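Atoms considered below: every heavy atom in the structure, side chains included; atoms not considered: hydrogens, waters and symmetry mates. Bear in mind the structure is a predicted one, so any value in this text is a computation, not a measurement.
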Amino acid sequence: MPELSHRRRMLVLSICCMSLLIVSLDNTALNVALPSMQRELHATTSGLQWTIDAYTLVLASLLMLAGSTADRIGRKRVFMAGLVIFTAGSLLCSLAPNLELLVVFRMVQAVGGSMLNPVAMSIITNTFTDPRERARAIGVWGAVVGISMAAGPLAGGLLVESVGWRSIFWVNLPVGIAALLLTLRFVPESRAPRPRRPDPVGQVLVIALFGSLTYAIIEAPDASLTKVLPFAAVAVAALLALLIYEPRRAEPLIDLRFFHSAPFSGATGIAVSAFASLGGFLFLSTLYLQNVRGLDALHAGLWMLPMAVPTLLCAPLSGRLVGSRGPRLPLLIAGAAMTVSGLLFALFEAETSNVTLFLGYVLFGVGFGFVNAPITNTAVSGMPRTQAGVAAAVASTSRQLGQTLGVAVIGAVLAAGIGSSPYRDTFVSAARPGWWILAACGAAVLVLGLLTSGRWAHRTAERTAERLETAEVRQPVGTSG
């Protein structure tokens with residue numbers, strides 16, 4: 001891809017951020033709408049979990065395929081296809097007559113979404129070649145997540161109260177169309193010099209692993225053991241098959257050699273932990289504010305602002321710190337803040353007091369604001385540029401898998417604790433184990449940040465990059481495993 005002017009690079013970054021905005025805004029706004037959807041569509045707790053997880057599950061399953069496909073046939077082409085499918089899926093979601101079809105249409109949305117974020121990150125990585133400039137661009141990218149968190153709950157609350165939950169999906173239509181037209185005009189095409197072959201067996205195994213694991217977790221509180229165990233067994237079998245099959249391929253869907261790099265492995269673990277915490281936090285907070293406190297969607301959205309605004313403010317600061325001092329300090333701040341936030345709810349029932357609820361939300365927002373930029377930068381900085389799409393897709397997959405598992409696990413814990421009792425009577429005690437899990441996720445971010453940001457970790461990244469580049473030179477084009 002030819003070197004672009006500074007103005008053109010900023011325009012490309014803005015277009016890529018538009019795709020992230022509609023995907024992130026859709027998720028955060030939809031969380032505020034869950035109680036309204038529950039009433040209109042007569043959904044159970046597991047039904048609400050599937051409304052969120054059907055999207056993130058398909059997204060996680062297809063992100064790596066989208067990243068490698070974009071590297072092979074062209075990132076601009078795949079990115080534009082994703083915008084078309086995501087926008088069409090949003091329209092279908094707004095027309096869904098029941099919960100079952102809404103879940104199906106959310107999966108259509110996710111097929112398009114899988115072609116957006118990892119491909120956009122790959123476009124950014126190849127557009128911004130200077131490490132410091134790239135770190136700042138990724139900081140802006142992270143700030144968009146903060147904007148979506150700040151605007152999503154408030155915009156979602158306004159839309160739900162004034163028009164209805166279906167209008168949340170309408171927001172994606174003009175933004176998606178505008179992003180499509182701008183991409184067609186201004187984003188240059190790029191692809192990897194040596195395209196990777198498809199790995200259909202690996203793709204099927206990933207879908208089987210993620211899908212069966214999520215089903216087993218979500219349905220565990222309500223289904224019998226005989227119905228859940230087969231899905232758990234499929235998940236274990238799929239994982240073992242991936243570990244055995246993928247290293248035998250010359251061009252696997254998941255290149256396990258990436259995980260020889262301590263920073264890359266750490267970034268993956270941090271992404272799963274941080275986004276599991278985000279998914280669970282939003283799920284618990286939304287149900288508590290509306291079903292227990294009795295707030296309407298708008299006021300529940302306003303209560304989310306103490307979490308969203310710090311995320312917005314801290315994300316660009318985190319990007320600058322990563323560019324100037326490396327990822328360690330942002331990760332330590334993120335882990336500590338998220339851990340303390342979880343402990344406030346687990347130990348002191350922070351949700352029962354306005355002061356502690358506000359403080360818990362602020363701390364979580366600070367933590368999540370600092371965590372995104374170091375994840376992305378660490379995941380792609382130690383990899384060869386020719387494999388940027390795959391590396392970015394693995395990082396994005398870790399985020400979506402984490403959010404999927406967070407909603408599944410926290411929702412299952414909550415459903416098991418509440419049972420058939422009213423939310424108002426048992427929510428605080430039923431949610432306490434969930435808050436402990438979220439505190440543990442924050443602690444994992446803290447520990448992994450310490451372990452994977454030292455000099456020895458960077459040496460493993462350098463050795464891994466050298467091996468990958470050497471293997472690329474030696475591997476003949478068109479060879480399959």
#### Entry: side-chain contact (heavy atoms from CB on, under 4.5 Å) involving Leu181 - partner list, sequence neighbours excluded
Ile177
### Task
Measure the spacing between OG of Ser318 and CG of Asn372 and express it to the nearest 0.5 Å.
8.0 Å
### Query
Are the side chain of Glu133 and the backbone N or O of Phe128 linked by a donor-acceptor pair below 3.5 Å?
no
### Task
Taking the side chain as every heavy atom from C-beta outward, state whether Thr56 and Val407 have any pair of such atoms under 4.5 Å apart.
no
#### Entry: Side chain to side chain, Leu91 and Ser94, heavy atoms closer than 4.5 Å
yes
### Summary
Of Val23, Val108, Val103, the one forming a side chain to side chain contact (heavy atoms under 4.5 Å, CB included) with Tyr55 is Val23
### Message
To check you understand the geometry: which heavy-atom pair defines the closest contact between Phe364 and Met307, and what is its length?
### Response
CD2-SD, 3.6 Å
### Query
Under the 3.5 angstrom rule, does the side chain of Thr87 hit a backbone N or O of Val84 as a donor-acceptor pair?
no
### Side-chain donor or acceptor of Arg328 paired with backbone N/O of Gly449 under 3.5 Å
no
### Query
So do the side chains of Glu246 and Arg249 get within less than 4.5 Å of each other, counting heavy atoms only?
yes
#### Entry: Results of side-chain contact (heavy atoms from CB on, under 4.5 Å) for Ala120 - residues two or more places apart only
Cys16, Ser19, Phe79, Trp141
### Task
Please check if the distance between the ring centroids of Phe281 and Phe368 is under 6.0 Å.
no
### Query
Do the side chains of Leu363 and Met338 get nearer than 4.5 Å, heavy atoms only?
no
## Note on the structure
When every non-hydrogen atom of Leu438 is compared with those of Ala276, the smallest separation belongs to CD2-O, 4.1 Å
### Distance, nearest 0.5 Å, that separates CG of Leu284 from CD1 of Ile410
6.0 Å
### Query
Of all heavy-atom pairs between Gly156 and Ala29, which one has the smallest distance, and what is that distance?
CA-CB, 4.0 Å
### Message
One pair to check against side chain to side chain contact (heavy atoms under 4.5 Å, CB included): Thr452 and Ser265. What are the steps and the verdict?
### Response
CA-CA 8 Å; Thr452 61; Ser265 298; over 6 Å; no
### Message
A side-chain contact here means heavy atoms from C-beta on lying under 4.5 Å apart; do Tyr245 and Asp199 qualify?
### Response
yes
### Message
Tell me if a side-chain donor or acceptor on Ser324 pairs with a main-chain N or O of Arg320 at a distance below 3.5 Å.
### Response
yes
### Interatomic spacing from CG in Leu209 to CG in Leu239 - rounded to 0.5 Å
5.5 Å
### Query
Do Ser285 and Tyr361 have side-chain atoms, one donor and one acceptor, less than 3.5 Å apart?
yes
## Note on the structure
Residues Glu189 and Arg77: closest non-hydrogen pair is OE2-N, 3.3 Å
### Message
Applying side-chain hydrogen bond (donor to acceptor under 3.5 Å, both in side chains), can you list everything that pairs with Asn172, at least two apart in sequence or on another chain?
### Response
Asp26, Ser90
### Query
How long is the gap from CG on Leu317 to CD1 on Ile333, to the nearest 0.5 Å?
7.0 Å
### Message
I need the minimum non-hydrogen distance between Pro247 and Ile244, along with the two atoms involved.
### Response
CD-O, 3.6 Å
### Task
Mind listing the closest non-hydrogen atom pair of Ala96 and Leu101 along with its distance?
CB-C, 4.2 Å
### Task
Go through the side-chain N and O atoms of Ser190 and Arg75 and say whether any donor and acceptor fall under 3.5 Å apart.
yes
### Task
Check the pair Leu30, Arg106 against side chain to side chain contact (heavy atoms under 4.5 Å, CB included), reporting the backbone distance first and the verdict last.
CA-CA 11 Å; Leu30 192 63; Arg106 286 282 286 164; 3.4 Å; yes
#### Entry: From Leu13 atom CG to Met18 atom CE, the distance as rounded to the nearest 0.5 Å
12.0 Å
#### Entry: Gln203 (side chain) donor-acceptor with Ser61 (main chain) under 3.5 angstrom
yes
### Message
With a 3.5 Å distance limit and no angle check, can you tell me whether Ser277 reaches the backbone of Ser273 through a side-chain donor-acceptor pair?
### Response
no
### Task
Would you sort out whether Thr404 and Phe210 count as a side chain to side chain contact (heavy atoms under 4.5 Å, CB included), showing the intermediate values?
CA-CA 9 Å; Thr404 301; Phe210 292 172; over 6 Å; no
### Summary
CG of Leu405 to CD of Gln403, rounded to nearest 0.5 Å, is 10.5 Å
### Message
Is the shortest side-chain heavy-atom distance between Phe283 and Gln49 below 4.5 Å?
### Response
yes
### Task
Using a 4.5 Å cut-off on heavy atoms from C-beta on, say whether the side chain of Val119 contacts that of Lys76.
no
### Task
Decide yes or no for Leu62 and Val111: does some side-chain heavy atom of the first lie under 4.5 Å from some side-chain heavy atom of the second?
yes
### Task
Start with the C-alpha distance between Ile124 and Val12, add both sets of side-chain angles, then the distance that settles side chain to side chain contact (heavy atoms under 4.5 Å, CB included), and finish with yes or no.
CA-CA 8 Å; Ile124 291 172; Val12 171; 5.6 Å; no
